[in-house]
Amino acid sequence: MQRFTAFALSLLLILSVCSFAAAANNEYTLKARSLDMNCVSGTIAVLPEGSDYYHIIDATGKELLGAESRYISMYPVSSYAMFKVEVKTPDGVHDEGLIDGYGKVLVPAEYADVNIISKRWQAGIKLTPSSADDKDYTFTNYSTNEKNFFRIDTVDIYFDGQKVGTLNRSEYGSGSCTAYNAYLSVTNMERVRCYYNSKMEKSPVGDEAYGEFTQNYNKGKTTFIHNGSGQEAFVPSCTLNAEDLEDPYLLQSDGYVYDVQGNVLFKAAHQYTTVRKFFNGYAVVYLDRKYGIIDKQGNEVLPLEYDEISSYDNALMARGYAAVVKDGKLGFVDAQGNVTCPFTYSKDIASVRGSFASLKNLDGTIIVLTAGAGELAEHFADVSFYGSSNGNSAFVGKNANGEYTLIDLYGRTMIPYTTCRSIDVSYDGTVAVVYYGHSEYSILQFDAPAGTQPAAPAVNDTPVADDGSWTCENGHSGNTGNFCSECGAKKPVEQLTQCPDCGKEFGEDVPNFCPECGKKLK
């Protein structure tokens, strides 16, 4: 197998001296015909000079996928750690597929189109020629302006990278699909909504069902039917796995929150009108026209005193902060309720972008508010925010001279102003790609911004061998880096239970600093 280091990429790896940004761990430059980063995974699709096929590399330049894949195009999917790929085929139609951010095949490249329904669900669409009156797709040859028409033949459904079933055109309809974690809703050609489980077994619920659960009220009793399976939920007889549900919690009018088997999780501090879904270990709650945030133990992390809490699903407390509105003004607070960005500007003139917010100044420049540092003194000619719906750690600023800079959520400069065409940054702020033009790129690797507090760090129960290698969640052993070399699974974060310097024990509740010796722990 031909490896990445054998290519004529003009790649210069800089390990000990970083000439670009002092905060970077690694920096290297390369020349490539095309380069795109997936901002979720932080991995990079590269079309090397002199090659017809794309490769995937990580932030250190290590090849994760080589030319053996024979992908002629590779496009990052903005919301997921995925790339859409294409291969050459004789008919030029059934040639699209999907891989994850590390090169694992999720949908083989044998389809005319791939519908990405969710992180777990995708649909591979096969076509057959048709007339213009009965078409689902039109392909145009822009050299001749000739149009070819196709209709859907069959649709293969994939779940977690495995083909689980096939639907015909009538069953698939126009592609109106909604995933509820391990369950799928498909609206067919007759506009009838059908639910399926991960084996593509159809649920017995009728087409009047909508969403994940149907609430029925009869003779003073309320029941909840899980539409994907037809089971009654939030009762002891329920056999559903909470990890496969989108929202496995129920708030009742008595103020108690129940799991899907009907067990009491906690008694809420108030009888909230609404408890939204939990993300990153937190949920937004609502009562008497005020919002707050609770954790999974029912603790009120933020009190009910905010007019609004901006919470894209994946971004809620993703970096340890939340954008909130109080008395009509926007600010940021941390998971301890501390105000980290004062309430200065009206919510009507400020736009929230994950860990940041921006607004136009009177002179036409842009003011940036950060979750960790408040309002920045510098104003910008233009700004770019990546991953606002996933939680972000850095943004790109542009000055009046057309130079670009990269700044983290604490207002610290990661890349000083430089003359280039663009800077892209991963959502977690650990990888940046600088494009200079003329096929020249620099790739920089950073630590996660110091002080960033993931809301719910994973416990590291991954088996570790005597030689320091580890086994991933899928059973692949012998790994030594941060990602599995076979499937790309990320090495879990190690959960501290005591201070590594003085040995002070603090259990699972990890403080920011050791109370005994002052060592920074988060």
Side-chain angles (χ1 to χ4, degrees), residues 31-39 44-56 65 67-80 82-99 103 105-118 121-158 163 166-178 186-191 384 421-422 424 433 435-441:
K31 292 181 70 68
R33 294 170 59 190
S34 178
L35 186 149
D36 281 298
M37 176 170 63
N38 184 291
C39 292
I44 300 161
V46 180
L47 181 62
E49 290 189 322
S51 175
D52 293 328
Y53 304 114
Y54 275 80
H55 309 256
I56 297 178
L65 181 69
E68 69 279 358
S69 63
R70 303 181 72 81
Y71 294 133
I72 60 171
S73 69
M74 191 176 289
Y75 302 100
V77 179
S78 60
S79 300
Y80 304 109
M82 300 175 184
F83 292 98
K84 268 195 174 185
V85 294
E86 290 181 330
V87 296
K88 288 183 178 179
T89 56
D91 59 14
V93 177
H94 295 161
D95 58 358
E96 191 169 292
L98 188 71
I99 61 177
V105 174
L106 301 175
V107 177
E110 57 187 46
Y111 297 96
D113 190 19
V114 175
N115 179 10
I116 303 172
I117 303 166
S118 73
W121 291 94
Q122 297 89 37
I125 300 168
K126 294 184 177 181
L127 304 180
T128 188
S130 74
S131 66
D133 297 330
D134 194 29
K135 65 179 176 62
D136 297 313
Y137 286 80
T138 301
F139 294 100
T140 303
N141 185 328
Y142 290 103
S143 298
T144 63
N145 209 32
E146 180 184 2
K147 296 183 183 296
N148 294 296
F149 305 104
F150 298 86
R151 61 179 290 173
I152 294 173
D153 184 12
T154 58
V155 179
D156 292 336
I157 305 296
Y158 288 81
K163 180 181 172 181
T166 300
L167 301 177
N168 60 36
R169 181 174 183 263
S170 177
E171 293 169 324
Y172 182 71
S174 61
S176 177
C177 305
T178 304
V186 181
T187 301
N188 65 22
M189 195 67 74
E190 284 71 41
R191 298 187 178 180
S384 297
R421 296 283 185 87
S422 65
D424 293 335
V433 175
Y435 175 52
Y436 301 100
H438 305 292
S439 303
E440 296 182 357
Y441 300 84

Give, for atom [atom1] of [X] and atom [atom2] of [Y], the distance between the pair rounded to the nearest 0.5 Å.
X    : Y    : atom1 : atom2 : result
E171 : N188 : CD    : CG    : 8.0 Å
I116 : C177 : CD1   : SG    : 13.0 Å
Y436 : S422 : OH    : OG    : 10.5 Å
M189 : S170 : CE    : OG    : 6.0 Å
N141 : E146 : CG    : CD    : 6.5 Å
Y111 : Q122 : OH    : CD    : 11.0 Å

Identify the two heavy atoms, one from [X] and one from [Y], that lie closest to each other, and give their separation to 0.1 Å.
X    : Y    : result
E86  : S73  : OE1-OG, 2.9 Å
T166 : K163 : OG1-CE, 3.5 Å
Y54  : S69  : O-OG, 3.9 Å
D36  : S34  : OD2-OG, 4.1 Å
L98  : M82  : CD2-SD, 3.7 Å
Y172 : I152 : CD2-CD1, 4.0 Å

Heavy-atom distance under 4.5 Å between the side chains of [X] and [Y], does that happen here?
X    : Y    : answer
Y435 : L35  : no
I125 : Y137 : yes
F83  : L65  : no
D95  : I72  : no
E49  : R33  : yes
D113 : K84  : yes
I56  : M74  : yes
Y158 : L106 : no

Going by atom types alone, do N168 and T154 pair a side-chain donor with an acceptor below 3.5 Å?
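No.
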Side-chain donor or acceptor of [X] paired with backbone N/O of [Y] under 3.5 Å:
X    : Y    : value
R70  : V87  : no
N145 : T140 : no
E96  : V114 : yes

So that I can tick it off, tell me whether [Y] and [X] are bridged by a salt bridge, with the cut-off set at under 4.0 angstrom between side-chain N and carboxylate O.
X    : Y    : result
R169 : D136 : yes
E440 : K31  : yes
D153 : K126 : no

Y71 vs Y53, test: ring pair (Phe, Tyr, Trp, His ring centres under 6.0 Å). Steps then yes/no.
CA-CA 5 Å; Y71 294 133; Y53 304 114; 9.0 Å; no
